[in-house]
S.K.: 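Submitted below is the structure of interest, expressed as structure tokens.
All residue numbers in this chain count up from 1 along the given sequence. Since this is a predicted model, take the numbers as computed values, not measurements. The figures that follow rest on heavy atoms only: side chains count, while hydrogens, waters and symmetry mates do not.
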Amino acid sequence: MPGYELLTDAWPGPLEAPPCDHPRIPDYLEHHYRWAYLDPFNAWLLDRRAVVESILFGHYRRLSNAALRALEPAPGRRLQQLGCVYGDLTPRLARLLSSGDLEVVDAAPLQIARLRRKLPPGDRSVLHCRDATLPGTGKGRFDAVLLFFLLHELPEDCQRHALAEALRVCRPGGRVVVVDYARPHALHPLRWLLPPLFHWLEPFVTAFWSKPIESLLPPDNRVRIESTRRWFGGLYRMVTLSC
């Protein structure tokens with residue numbers, strides 16, 4: 001993608017961190033994911049096409065394409081993305097919308113700064129350095145909200161808060177799209193390799209992937225499960241919620 005290769009081909013040097021709406025980095029991010037999201041060199045190294053595809057066993061493009069189709073981005077639609085993601089998903093999303101109709105929320109100043117460099121020149125997407133599990137402003141402002149591989153990185157109480165926030169800012173009749181891990185089928189070739197690997201790198205995954213997304217929804221919600229899709233022997237799922 002134009003711009004994406006330019007960003008990741010060379011070490012860009014220090015990036016100016018934007019001000020944040022919260023006083024400190026959330027504990028789960030500081031303790032478990034500093035190496036992946038808060039270290040400038042590691043963030044640059046991980047945000048490369050070959051690395052992103054490898055982490056998702058060659059499924060990044062397929063999953064990001066599915067997310068884009070589910071969001072139905074078009075000029076005039078307002079979309080929110082909770083959590084920055086490595087790869088070119090967000091720049092692609094911004095190009096499909098009118099400038100300024102995309103809002104991205106992330107708790108890490110470095111990730112917001114990196115995303116700003118990846119967006120098309122002159123793009124006016126709104127980037128908030130804020131914990132996605134905390135309430136923002138504007139109830140019912142967005143036509144669709146995306147959580148792309150965010151929930152598995154959060155403790156369970158934070159998973160619930162992030163989903164509740166996505167539902168709160170989504171308009172009636174809008175859509176919340178969740179793309180994330182799920183428990184692979186019994187005969188999946190990686191079924192027994194992944195738990196120890198995730199225990200080391202992704203400590204919340206194995207508890208998360210056993211839960212249906214609807215079990216994390218607020219008890220008084222009126223959300224309907226519009227569709228559920230699975231890929232790669234069940235390891236990845238996309239759940240579309242109709243608000």
Side-chain angles (χ1 to χ4, degrees), residues 1-12 15-18 37 43-56 58-130 132 136 138 140-150 166 169-171 173-180 226-227 229 231 236 238-241 243:
M1 285 294 166
Y4 182 56
E5 290 86 349
L6 291 178
L7 173 71
T8 57
D9 276 351
W11 167 246
L15 297 176
E16 183 178 351
Y37 299 119
W44 167 79
L45 187 64
L46 290 168
D47 197 7
R48 306 175 77 85
R49 180 174 297 172
V51 176
V52 174
E53 283 287 357
S54 296
I55 289 171
L56 292 176
H59 284 72
Y60 173 77
R61 181 61 61 183
R62 178 179 297 177
L63 294 168
S64 58
N65 285 346
L68 288 175
R69 287 192 294 269
L71 291 168
E72 299 180 344
R77 280 175 61 81
R78 293 180 56 82
L79 271 64
Q80 185 185 72
Q81 178 182 312
L82 291 182
C84 293
V85 298
Y86 289 144
D88 60 354
L89 169 60
T90 310
R92 291 173 66 199
L93 184 56
R95 281 192 286 268
L96 294 170
L97 298 169
S98 303
S99 187
D101 283 346
L102 173 64
E103 178 177 292
V104 183
V105 175
D106 196 282
L110 175 65
Q111 295 301 316
I112 293 293
R114 287 188 56 78
L115 176 57
R116 177 56 70 190
R117 289 175 60 96
K118 290 164 64 172
L119 290 173
D123 180 82
R124 298 194 303 275
S125 297
V126 179
L127 309 184
H128 286 298
C129 187
R130 184 181 78 239
R141 290 179 54 204
F142 297 99
D143 298 294
V145 182
L146 173 64
L147 296 86
F148 192 85
F149 285 92
L150 170 67
V169 300
C170 190
R171 67 169 177 80
R175 180 178 287 172
V176 173
V177 177
V178 178
V179 180
D180 219 307
E226 186 175 315
S227 65
R229 294 184 62 187
W231 291 271
Y236 306 122
M238 182 173 75
V239 179
T240 303
L241 307 172
C243 298

S.K.: Which donor-acceptor pairs under 3.5 Å do the side chains of residues 72-79 make with protein atoms, sequence neighbours left out?
M.R.:
| unit_1 | atom_1 | unit_2 | atom_2 | d |
| --- | --- | --- | --- | --- |
| Arg77 | NE | Glu72 | O | 2.7 |
| Arg77 | NH2 | Leu71 | O | 2.9 |

S.K.: Could you pull out the closest heavy-atom pair between Leu147 and Ala166, with the gap in Å?
M.R.: CD1-CB, 3.9 Å

S.K.: Apply side-chain contact (heavy atoms from CB on, under 4.5 Å) to the pair Gln81 and Leu93, showing each step before the final yes or no.
M.R.: CA-CA 10 Å; Gln81 178 182 312; Leu93 184 56; 4.0 Å; yes

S.K.: Charged N to carboxylate O below 4.0 Å: is that the case for Asp88 and Arg61?
M.R.: yes

S.K.: Going by heavy atoms in the side chains, are Arg114 and Cys84 under 4.5 Å from each other?
M.R.: no

S.K.: Going through the checks in order, is the side-chain contact (heavy atoms from CB on, under 4.5 Å) test met by Leu119 and Leu127?
M.R.: CA-CA 11 Å; Leu119 290 173; Leu127 309 184; 4.2 Å; yes

S.K.: Where do Val169 and Glu103 land on the side-chain contact (heavy atoms from CB on, under 4.5 Å) test, with the steps shown first?
M.R.: CA-CA 11 Å; Val169 300; Glu103 178 177 292; over 6 Å; no

S.K.: When you measure from the side chain of Gln111 to the backbone N and O of Ala113, does any donor-acceptor pair fall under 3.5 Å?
M.R.: no

S.K.: Atom CG in Leu146, atom CG in Leu68: separation rounded to 0.5 Å?
M.R.: 8.0 Å

S.K.: Looking only at non-hydrogen atoms, find the nearest pair between Ser99 and Gly122 and report the distance.
M.R.: OG-O, 3.9 Å

S.K.: To the nearest 0.5 Å, tell me how far Arg130 CZ sits from Asp106 CG.
M.R.: 10.5 Å

S.K.: Atom OG1 in Thr90, atom CZ in Phe148: separation rounded to 0.5 Å?
M.R.: 9.0 Å

S.K.: Please test Val52 against Val85 for side-chain contact (heavy atoms from CB on, under 4.5 Å), starting from the C-alpha separation and ending with a verdict.
M.R.: CA-CA 10 Å; Val52 174; Val85 298; over 6 Å; no

S.K.: Which atom names give the shortest non-hydrogen contact between Leu82 and Leu150, and what distance separates them?
M.R.: O-CD2, 3.4 Å

S.K.: For the residue pair His59 and Tyr236, does the interplanar ring angle fall in the parallel (under 30°), tilted (30 to 60°) or perpendicular (over 60°) class?
M.R.: tilted

S.K.: Hey, is the main chain of Thr240 close enough, under 3.5 Å, to the side chain of Arg175 for a donor-acceptor pair?
M.R.: no

S.K.: Ignoring hydrogens, what is the shortest heavy-atom contact between Cys243 and Cys170? Give both atom names and the distance.
M.R.: SG-SG, 3.4 Å

S.K.: Using atom types as modelled and distance alone, determine if a side-chain donor or acceptor of Tyr37 lies under 3.5 Å from a backbone N or O of Leu110.
M.R.: no

S.K.: Closest approach of Arg116 and Asp123, non-hydrogen atoms and distance?
M.R.: NH1-O, 3.5 Å

S.K.: How would you list, by chain and number, every residue that makes a side-chain contact (heavy atoms from CB on, under 4.5 Å) with Arg229, sequence neighbours excluded?
M.R.: Ala66, Arg69, Trp231, Met238

S.K.: Over all heavy atoms of both residues, which pair between Leu46 and Tyr86 is shortest? Give the atoms and the distance, please.
M.R.: CB-CE1, 3.7 Å

S.K.: Return the set of residues passing side-chain hydrogen bond (donor to acceptor under 3.5 Å, both in side chains) with Glu53 (not counting sequence neighbours), or none when no residue passes.
M.R.: none

S.K.: Looking at NZ of Lys118 and OG of Ser125, how far apart are the two atoms once the value is rounded to the nearest 0.5 Å?
M.R.: 12.5 Å

S.K.: Quick test of your reading of the model: are Asp143 and Arg171 salt-bridged, counting only N-O distances below 4.0 Å?
M.R.: yes

